[in-house]
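In what follows, a single structure is set out as structure tokens and then discussed.
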Amino acid sequence: MEKHDGVLTEEDVSSCLSNLGHSATGLEHVYQFLCAPGRNLNNVSILCNYVHLQKLELPYNKIKDLSCVSHMPYLIILDASHNQLTDFFGFQAPKNLKEVNFSHNQMSVMTHLSAYSSLSKLNLDYNCFSEIGGLLHCDSLTHLSLAHNKISCISGLDNLPIKDLCLRGNQIEKIENVETLRTLQVLDLSLNRITSLSGLQNLHLLGSINLERNLISEIKEATHIHDLSLLRELNLQRNLVQEQLDYRLAVIFLLQHLTGLDQEKVTVEEKVSAVNKFDPPLEVVAAREHMSHMVFQLMHPQVIYDSTLPSLDSPYPMLVLTGPQACGKRELAHKLCREFNDFFAYGTCHTTRGPYFGEEDGSDYHFVTEEDFQNMIHMGKFLQTMQYAGHWYGLSREAIEAVAREGLACCVHMELEGVFSLKNSHFEPRYILMIPTDKEQYGRRLRTRALYTRTQIDRAVARVDTYALINRERPGFFDNVIPCDEPVEAYRTLRQVVKDYLGVEEQGGEDQSTTDTPDNTSTASVTELKKDSLVDEALPAPSTRPETVFMSCSAPDMDPSDHNCRKYYNKVQVQLTPQKTSAELASIHRRQQLVREALMGKSPRAYTQLFKSSAGAFSETAGPAGCSDLGLDPTVEPLDISSLGHNLDMLKDHVESGHTPDAPRPGSELLSPGATATMARPGSNAKPILPPILSGRKTPGPSPKPQTLRQEREGEGDEE
Ligand SMILES: Nc1ncnc2c1ncn2[C@@H]1O[C@H](COP(=O)(O)OP(=O)(O)OP(=O)(O)O)[C@@H](O)[C@H]1O
């Protein structure tokens, strides 16, 4: 193309035209596009004759005057970037103009664009605008870019349908006047002087925010965009905030929907680490805590413990009463240990809190200083610790050993965190949740104790819901759930549950519970509890019958033919089936094999006996205490029937009935749905609540006497 001092000639034009098509009237054939970039053009007035153009591209020229556009009523796309234009839209408006690129020109004032109602994309980057204006009637404007101008204040954008706004490289200090940009999806405010993210909180469609190279210094600024649930990309590169400790994890934690931060993908691992760091789930806290106790323990000489039983299948028996503070579990634990002092003794935890009036060191707690407690942690003395209300609590190995030395099962009380922690240990305690079903009454009880601050009371009351939630969401997490609004009733239920599991029969008809109250029909009063909605919430849902709270004694009441009931039990079974280690599996297989051989008369007598005795465990009432009645040799490893599976169930029938495996099974009703339900009761995992206490009490005499305060509280409870 020849050059004529920057003047666009007809010859030039002919070489730049393209896209032959119909004119708007449809009567002629016309070229619709003209593209003449980088030709040093300064005079394009010849284009006044090209009235049919729909797309005009004249970038990288020296054009100062674009008035020719006034003659192009059909123009849709105009690119006049990288020119020398000073006039803002210095032509008459083509009615359908949609996209305009005037970037890299010398414009400084935005005038009214009321005639440009079709304008949807406007690029005004690299000009000299110091103010945004004139866009009021641009009702179709979805993309606006004003990067690298001299704008110091966001304004003039009210109610525009903008989806993509770029104000990069200006002098903006504050995000303001954008709250009406409800359709905004992409916002680029990089290279400004912004110090806060405030102002963005209502832009709920925002998916991407670029704030690179600003002056944001506080992580907490991210809270302003915390509620933008569609936000996926955030760029805070080269802001001071990046130097803050744990910056990236903190932002990821606050903005958990992000998929990209600072132009780097946010990984799943980062999200998990962020949550674990700033709001760790109870399991994570417990796992960490368990890990550190294990490490501290391993750093000290290891000994054989009294609580270490020889068999994997019969871990040292423990009973844990859990529930919110002052729900009565401590008193219940003491009472239980007194009544069943041939089976249980109270496991005394350590605490750094001072004793309440009437509490004595060594009975309710071992009261120690913070320093001593920390020393004990580092000496690996604790199996589990937790901080509650600013104080440390911990269950020491020695607390359990002291009880184990007596040949008894350890009974402790603790908060939920402790349960999570113990579930990591090799102990397999049975957990009984004592839950207040009437929160108001529970709150009142806490207040009347006059021991707790208002915040402590509120926290304790709020934790009732946490317990209820865990119980609802994790069937079988607690082995039993007992409402504890009425201490007398709660104890009666608790002792019944324990007796059922232990297989202890009433002696002479009267027992301690009956002396507490003449009414010994626990289920009757429990039925009343059904009225309380919290009970429904807290307790497993499968049966509408409230008696199912006592899973041990109520399971036969559930109708296993009921679909919901079966579904529930299946779910529970899946959750309860523990992951066996390879050593456990090998042991189970070995014993399965021996049982098979015993049946076929090939194996030693001990296993035949074992098999027979384990069959007794199918009976509803047979518990650990009932084992000897059933002829179980206490020196023999107990058999984990649950792990032997259905085949063993069948074999058991055959042995009991004296039939061969192929013969018809008249006693098949033994495996009736009711029996299955008993075995599969939530939390039981086909085991008694406590594994057998092998040697029994080693020293005569009851557990230590309860403390004055405890007696007082029990008295309180009894009165209630
Ligand atoms: N080792 C432990 N691990 C976890 N929680 C524990 C432990 N020892 C005690 N707790 C629990 O910490 C909470 C606070 O105990 P504290 O004895 O100070 O409270 P309390 O007001 O006397 O209430 P409670 O009558 O329930 O013991 C109680 O719920 C208690 O069961």
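A quick note: this is a predicted structure, and the numbers were derived from the prediction, not measured. Starting from 1, each residue takes its place in the sequence as its number. All heavy atoms count here, side chains included; hydrogens, waters and symmetry mates do not. Order of appearance sets the numbers: ligands from 1, and atoms from 1 within every ligand.
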(message) So if I count the atoms of ligand 1 from 1 in the order they appear, which ones are less than 4.0 Å from some heavy atom of L395?
(response) 1 (N)

(request) Would you please indicate if the ring centroids of Y365 and Y393 are separated by under 6.0 Å? (result) yes

(message) If you take the nearest heavy atom of each of M414, R449, M434, Q387, which one is closest to atom 6 (C) of ligand 1?
(response) M414

(request) Can you spot which of D479, L336, V412 makes a side-chain contact (heavy atoms from CB on, under 4.5 Å) with L319? (result) L336

(message) I'd like the name of whichever of H391, E331, E415, R353 reaches closest to atom 11 (C) of ligand 1 through any heavy atom.
(response) E415

(message) Using a 4.0 Å cutoff against the non-hydrogen atoms of K329, which atoms of ligand 1 qualify?
(response) 26 (O), 28 (C), 29 (O), 30 (C), 31 (O)

(request) State which residues pass side chain to side chain contact (heavy atoms under 4.5 Å, CB included) with M291; sequence neighbours excluded, sorted by chain then number. (result) none

(request) Determine, considering heavy atoms only, which of Y356, W392, Y393 sits nearest to atom 8 (N) of ligand 1. (result) Y393

(request) Have a look at M386, Q384, R330, R463 and point out the one with the heavy atom closest to atom 2 (C) of ligand 1. (result) Q384

(message) Any atom of ligand 1 sitting under 4.0 Å from a heavy atom of H350?
(response) no

(request) Please verify whether a non-hydrogen atom of E417 lies at under 4.0 Å from ligand 1. (result) no

(request) Decide, yes or no, whether a salt bridge links E417 with R463 under the criterion of side-chain N to carboxylate O below 4.0 Å. (result) yes

(message) Under a 4.0 Å threshold between the charged nitrogen and the carboxylate oxygen, would E331 count as salt-bridged to K335?
(response) no

(request) Could you tell me which residues satisfy side chain to side chain contact (heavy atoms under 4.5 Å, CB included) with S273, sequence neighbours excluded, listed by chain and number? (result) L249

(request) Tell me which one of C349, G347, A326 gets a heavy atom nearest to atom 23 (O) of ligand 1. (result) A326

(request) Compute the centroid of each ring, for Y431 and then for F420, and state whether the two points are separated by less than 6.0 Å. (result) no

(message) Please determine whether any non-hydrogen atom of L451 lies less than 4.0 Å from an atom of ligand 1.
(response) no

